[in-house]
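Written out below as structure tokens is the structure these notes cover.
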Amino acid sequence: MSGIMYVRGDATLPSVKGVKLIAHVCNDIGGWGRGFVLALSRRWPEPEKAYRAWHRDRAHNDFGLGAAQFVQVERYVWVANLIGQRGIRRGSKGVPVRYEAIDAALDRLADRAVALDASVHMPRIGCGLAGGTWSRVEPLITQRLVQRGIAVTVYDHEG
């Protein structure tokens, strides 16, 4: 079983064949406008529109920590909006990242990846604006995705 493949490049441009799921972490307050989502929105309007509608209608759906939303943006490309961050501010309660929510969302991501026979592509989720550490996130990805035989590529953006 191989582990996570690390590459330099743009996670919104996976260059492998087959179905691709691009995963990233979102906050639980409906905010979209900083970090990796800017690259997503430059490429496709659908993930932001879907996330905002999901948040707006949250009283009637599963929006919340640990949830996952899957948005098809091209024939073989999906974006996974994973709710793994409480708010957006660092404060007395620490950083916004919620590892248990990322873990739950990754479990949902794995189920969808298996159903679509898809590879998964992502930046270092939860480690940018959310304030998490890769040493805590990487084992969750290994346990939830890699151990189920899902090919995972993590992108470190150049520049």
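Being a predicted model, the structure only gives us computed values, none of them experimental.
Interatomic distance, CD1 of Ile125 versus SG of Cys26, reported as 10.5 Å (0.5 Å rounding). The CD atom of Gln72 sits 10.0 Å away from the CG atom of Leu21 when rounded to the nearest 0.5 Å. To the nearest 0.5 angstrom, Asn81 atom CG is 11.0 Å from Leu109 atom CG. Rounding to the nearest 0.5 Å gives a distance of 10.5 Å between CD1 of Ile150 and CG of Leu116. To the nearest 0.5 Å, atoms NE2 (His24) and CG (Leu82) are separated by 7.0 Å. Taken from CD in Glu100 to CG in Leu140, the straight-line distance is 10.0 Å, to the nearest 0.5 Å.
The heavy-atom pair separating Thr12 from Arg43 by the smallest distance is OG1-NE, 2.8 Å. For Ala113 against Val120, the heavy-atom pair with the smallest separation is CB-CG2, 4.0 Å. Across every non-hydrogen atom of Ala105 and Ala68, the tightest pair is O-CB, 4.3 Å. Of all non-hydrogen atoms in Ala101 and Ile83, the two that sit nearest each other are CB-O, 3.6 Å. The two residues Arg148 and Ala110 make their nearest non-hydrogen contact at NH1-CB, 3.5 Å. Taking each heavy atom of Val71 and Ala50 in turn, the nearest pair found is CG2-CB, 3.6 Å.
Checked against salt bridge (Lys or Arg N to Asp or Glu O under 4.0 Å), Asp62 has no partners two or more places apart in sequence or in another chain.
Atom CG of Asp57 sits in a crowded spot, with more than 12 heavy atoms from other residues, nucleotides or ligands closer than 6.0 Å.
There is no side-chain donor-acceptor pair under 3.5 Å between His157 and Asp10.
Looking at Asn27, its side chain never comes within 3.5 Å of a backbone N or O of Ile88 through a donor-acceptor pair. Panel note: side chain Arg58, backbone Ile29; no donor-acceptor pair is recorded below 3.5 Å.
Taking the six-membered ring where the residue is Trp, Trp32 and Tyr51 present tilted rings, their angle falling between 30° and 60°.
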One pair to check against side-chain contact (heavy atoms from CB on, under 4.5 Å): Leu40 and Glu48. What are the steps and the verdict? CA-CA 8 Å; Leu40 284 174; Glu48 178 180 358; over 6 Å; no
Please test Met122 against Phe36 for side-chain contact (heavy atoms from CB on, under 4.5 Å), starting from the C-alpha separation and ending with a verdict. CA-CA 10 Å; Met122 64 180 74; Phe36 182 70; over 6 Å; no
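Sorted by first then second residue, the ring pair (Phe, Tyr, Trp, His ring centres under 6.0 Å) pairs that include residues 71-127, not counting sequence neighbours, are His121-Tyr155.
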Can you list, pair by pair, the side-chain donor-acceptor contacts under 3.5 Å of residues 130-138, counting residues two or more places apart and other chains?
unit_1	atom_1	unit_2	atom_2	d
Trp134	NE1	Tyr6	OH	2.9
Glu138	OE2	Tyr6	OH	2.3

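Partner Pro14 forms a side-chain contact (heavy atoms from CB on, under 4.5 Å) with one of Thr153, Ile22, Val7, Val77 and no other, that one being Ile22.
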